[in-house]
Amino acid sequence: AMQLAVALLVLAVAGVQADSALPISRSELAADFGGIGALSGGGATSRLLVDYPEPQRSDILDFLFKPNYAASLQIIKVEIGGDSQSTDGTESSHMHSPDDLDYTRGYEWWLLQEAKKRNPDIKTYGLPWAFPGWVGGDSNSPYTYPNLTADYVVKWVSGAKSVYNIDIDYLGIWNERDSDATYTKTLRRMLDANGFQRTQIVAKDGNSQICDDLAADPEYAAAVSIIGLHYPSDFENLTVCHSLNKPVWASEESSSYDNLNGAACWARVTTSHWVLAQISSSIMWNLVGSYYHGTNWYASSIMNALQPWSGFYEVSPTVWATAHITQFTQIGWRYLPVGKGSGQLPQGGYYASMVDPNSNNFTMHVVKISQLHAACTRPKLPPLPVSDETVMFRLDASMGRVPSLAVWYSNFEAFDTDTPPLFQRKDDIIPAADGSFSLTVPVGAYFTITTLVENGYIGTFPTIPPSQPRFPLPYFNSFDNVVNSQEGKWFADQIGVFEVHDDTQQAGNKVMRQMVPQLPIGWSDHGSYGPVTLIGMREWQ
């Protein structure tokens with residue numbers, strides 16, 4: 001039945017009443033599309049990637065960032081390391097103490113460089129999960145001394161520019177913790193004073209309470225450019241958020257398994273967010289699963305890469321769910337409003353259209369996921385009945401002349417086959433003279449319909465080495481080849497920060513030393529059971 005349904009992609013008007021066609025019109029443009037991104041951090045989720053051998057490491061980075069190739073991400077969000085456990089490990093701060101400043105620590109700088117190398121237009125976003133303890137004095141809060149904390153964060157932004165020539169486009173406050181008006185205003189002023197007027201503040205990387213706070217304080221609202229919500233419900237009332245006339249983003253989303261179910265969640269939510277809640281950007285946690293099996297939220301990534309000793313990695317269906325959007329849109333395209341190019345399908349599911357404001361190009365996404373597979377990790381969904389259907393669309397005169405439309409198709413509920421259809425090019429649609437065309441949409445389907453007939457990569461991909469899940473023993477590392485301030489190969493810090501440095505007791509020798517001098521301002525546990533670094537397999541216990 002599914003094969004028959006897919007075969008009926010491009011019939012022009014036969015079998016569907018023309019007067020029931022769903023209109024697609026440029027007569028009114030809605031919000032700017034903010035992009036699709038992914039998050040490295042929260043925490044230490046990319047740790048093992050930096051230790052991968054070549055060419056596999058570059059292959060993984062291509063899958064994530066290379067335009068018109070695979071995931072083709074439009075935003076990269078990274079953790080601003082704070083010396084504290086932040087989910088799957090600890091990320092190192094650029095300032096362990098007030099008299100310390102080192103822009104060579106960690107791997108997020110490297111990752112930002114690699115993303116920019118492949119896509120100079122990719123947007124960058126930094127967010128703290130934790131802060132070194134000295135920032136708050138003895139208060140265990142980053143807000144007690146707002147000038148001190150703002151200076152600490154601005155130094156991170158400054159290092160990105162001065163050392164790596166990377167402009168930070170977006171900057172968050174404190175992941176999933178209370179925002180603070182005084183600190184946010186101070187941060188805005190300090191960014192401006194240091195030449196970073198174009199760096200936009202996102203608040204608060206948490207729940208929608210921030211909208212009420214901003215509505216009550218115009219100066220606070222003026223300091224914030226974007227409302228960033230985590231795992232927002234499409235069925236929550238966001239009227240106050242939208243009344244602020246700022247973009248509303250899902251600045252952290254998904255956290256779902258990297259299988260067909262995870263891809264189904266991602267396809268559904270990136271479409272329904274616009275249709276139901278006018279959310280115009282989504283950023284997935286997390287970018288690449290490069291953290292040891294047995295740590296938190298295993299296999300919740302766009303890709304998995306946790307065998308640096310073998311070079312093995314996995315390209316998940318979520319890569320192709322992402323490609324459906326990113327290979328056929330650009331940041332700054334405009335959404336079409338509900339009723340004029342976006343909306344709900346008659347038999348369940350969603351469609352959303354974006355147009356290039358500078359040309360006649362447009363892209364529409366159509367998704368129909370069943371109740372069993374539509375949900376992401378959170379929040380819960382109400383009943384969402386769906387069934388197979390054939391839908392009629394009509395391009396009105398404002399869309400210009402459209403001789404043909406490219407069609408790309410996946411089905412994230414094709415569990416009865418070892419090779420489910422993922423990101424497949426189908427026959428082009430030839431609209432009828434009145435601009436109408438029909439599309440048969442089975443349950444599980446995700447379609448991209450676009451005027452960009454030359455986009456979409458269907459070439460070959462690298463051969464992946466075989467999996468060797470057992471950690472290779474014996475392990476030996478003299479640290480002689482490790483750059484100072486970096487972790488030793490394959491070590492993954494969990495509490496505290498371990499860095500390789502010259503041995504102060506023996507000339508020419510290197511040691512790995514714990515470097516955090518006081519308990520940090522933590523996001524989860526601030527380090528009461530530390531310090532701890534991890535290597536190998538949890539199964540060893």
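Hydrogens, waters and symmetry mates play no part in the numbers below; they use all other heavy atoms, side chains included.
Asp151 is linked by a salt bridge (charged side-chain N to carboxylate O under 4.0 Å, His left out) to Lys155, counting only residues two or more places apart in sequence or in another chain. Among residues two or more places apart in sequence or in another chain, the salt bridge (charged side-chain N to carboxylate O under 4.0 Å, His left out) test is passed with Glu114 by Lys117, Arg118. Residues that satisfy the salt bridge (charged side-chain N to carboxylate O under 4.0 Å, His left out) test with Glu499, not counting sequence neighbours, are Arg105.
A salt bridge links Asp167 with Lys161; the closest basic N to acidic carboxylate O contact falls under 4.0 Å. Taking the charged nitrogens against the carboxylate oxygens, Lys77 and Asp205 do have a contact shorter than 4.0 Å, which makes a salt bridge. The pair Arg47-Glu91 does not meet the salt-bridge criterion, since no charged nitrogen lies less than 4.0 angstrom from a carboxylate oxygen. Ion pairing of Asp180 with Lys204 is absent here, as no side-chain N (NZ or NE/NH1/NH2) approaches a carboxylate O to less than 4.0 Å.
Counting all heavy atoms, side chain and backbone alike, Trp129 lies closest to Trp523 at O-CB, 2.9 Å. A pairwise comparison of heavy atoms in Asn286 and Ser301 identifies OD1-OG, 2.6 Å as the closest pair. When all heavy atoms of Ala130 and Ser84 are compared, the pair lying nearest together is CB-CB, 3.5 Å. Across every non-hydrogen atom of Asn119 and Phe65, the tightest pair is CB-O, 3.8 Å. Contact between Leu49 and Arg57 at its shortest, heavy atoms only, is O-CD, 3.4 Å.
Between Trp490 and Phe479, a ring centre-to-centre spacing not shorter than 6.0 Å is recorded. Between Trp408 and Trp320, the distance separating the two ring centers is not shorter than 6.0 angstrom. Two rings, from Phe423 and Tyr457, have their centers 6.0 Å or more apart. Between Phe491 and Phe498, the ring center distance fails the sub-6.0 Å criterion. Annotation: Phe471 is not in aromatic contact with His293 [ring centroid separation under 6.0 Å not met]. Separation of the Tyr164 and Tyr103 ring centroids does not fall under the 6.0 Å cut-off. Between Trp333 and Phe33, the distance from one ring center to the other does not fall under 6.0 angstrom.
Residue-environment remark: CD (Gln424) exceeds the threshold of 12 foreign heavy atoms within 6.0 Å. Atom CD of Glu54 is surrounded by more than 12 heavy atoms from other residues, nucleotides or ligands within 6.0 Å. The number of heavy atoms from other shown groups lying within 6.0 Å of OH (Tyr292) is above 12. Heavy-atom contacts from other residues, nucleotides or ligands closer than 6.0 Å to CD of Gln197 number more than 12. Surrounding CG of Asn481 are at most 12 heavy atoms belonging to other residues, nucleotides or ligands under 6.0 Å away.
Under the 4.5 Å side-chain criterion, counting only non-hydrogen atoms from C-beta, Ser251 is not in contact with Tyr170. Within the 4.5 Å cutoff, the side chain of Pro466 has no heavy atoms near those of the Phe312 side chain. Side-chain atoms of Trp285 and Ser300, non-hydrogen and from C-beta on, do get closer than 4.5 Å to each other. Residues Glu252 and Asn175 meet the side-chain proximity criterion, which asks for heavy atoms closer than 4.5 Å. Contact annotation: the side chain of Leu229 never approaches that of Asn207 to less than 4.5 Å [non-hydrogen atoms, C-beta and beyond]. The side-chain heavy atoms of Glu253 and His230, taken from C-beta on, include no pair separated by under 4.5 Å. For the pair His96 and Pro132, the minimum side-chain heavy-atom distance is 4.5 Å or more. Looking at heavy atoms from C-beta onward, Ile325 lies in side-chain contact with Tyr446 at the 4.5 angstrom threshold.
Interatomic distance, OG of Ser316 versus CG of Leu260, reported as 9.5 Å (0.5 Å rounding). A distance of 11.0 Å separates NZ in Lys123 from CD in Gln74, rounded to the nearest 0.5 Å. The line from OG of Ser139 to CD1 of Ile521 is 5.5 Å long, rounded to the nearest 0.5 Å. Atom OH in Tyr183 sits 14.0 Å away from atom CG in Asp178 (nearest 0.5 Å).
Under a 3.5 Å cut-off, the side chain of Arg513 and the backbone N or O of Val500 do not form any donor-acceptor pair. Put simply, the side chain of Glu314 never gets that close to the backbone of Asn304: no donor and acceptor are under 3.5 Å apart. Using modelled atom types, one side-chain atom of Gln85 and one backbone atom of Thr87 make a donor-acceptor pair closer than 3.5 Å. Here the side chain of Thr90 pairs no donor or acceptor atom with the backbone of Ser86 at under 3.5 angstrom. A donor-acceptor pair is defined here as one N or O able to donate and one able to accept, closer than 3.5 Å; such a pair exists between the side chain of Tyr52 and the backbone of Leu306. When atom types are taken as modelled, the side chain of Ser256 and the backbone of Ser254 share a donor-acceptor pair closer than 3.5 angstrom. Between the side chain of Ser72 and the backbone N or O of Ala70, at least one donor-acceptor pair lies under 3.5 Å.
Side-chain atoms of Tyr152 and Ser93 include a donor-acceptor pair closer than 3.5 Å. Counted by atom type alone, Asp88 and Thr45 present zero donor-acceptor pairs between their side chains at under 3.5 Å. No hydrogens or angles considered: a donor-acceptor pair under 3.5 Å links the side chains of Tyr231 and Ser255. Between the side chains of Tyr145 and Asn147, no donor N or O sits under 3.5 Å from an acceptor N or O. Side-chain contact, Asp234 with His273: a donor N or O sits under 3.5 Å from an acceptor N or O. Between Asn484 and His501, the side chains place no donor N or O within less than 3.5 Å of an acceptor N or O (distance only, hydrogens not considered). For the residue pair Ser467 and Gln307, a side-chain donor N or O sits within less than 3.5 Å of a side-chain acceptor on the partner. Defined by atom type and a distance below 3.5 Å, a donor-acceptor pair is missing between the side-chain atoms of Thr318 and Asp258. For the residue pair His365 / Thr271, no side-chain donor-acceptor distance below 3.5 Å is found, with atom types taken as modelled.
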Exercise. What do the steps show when you test Tyr298 against Asn296 for side-chain hydrogen bond (donor to acceptor under 3.5 Å, both in side chains), and what is the final call?
Worked result: CA-CA 6 Å; Tyr298 181 76; Asn296 292 321; over 6 Å; no

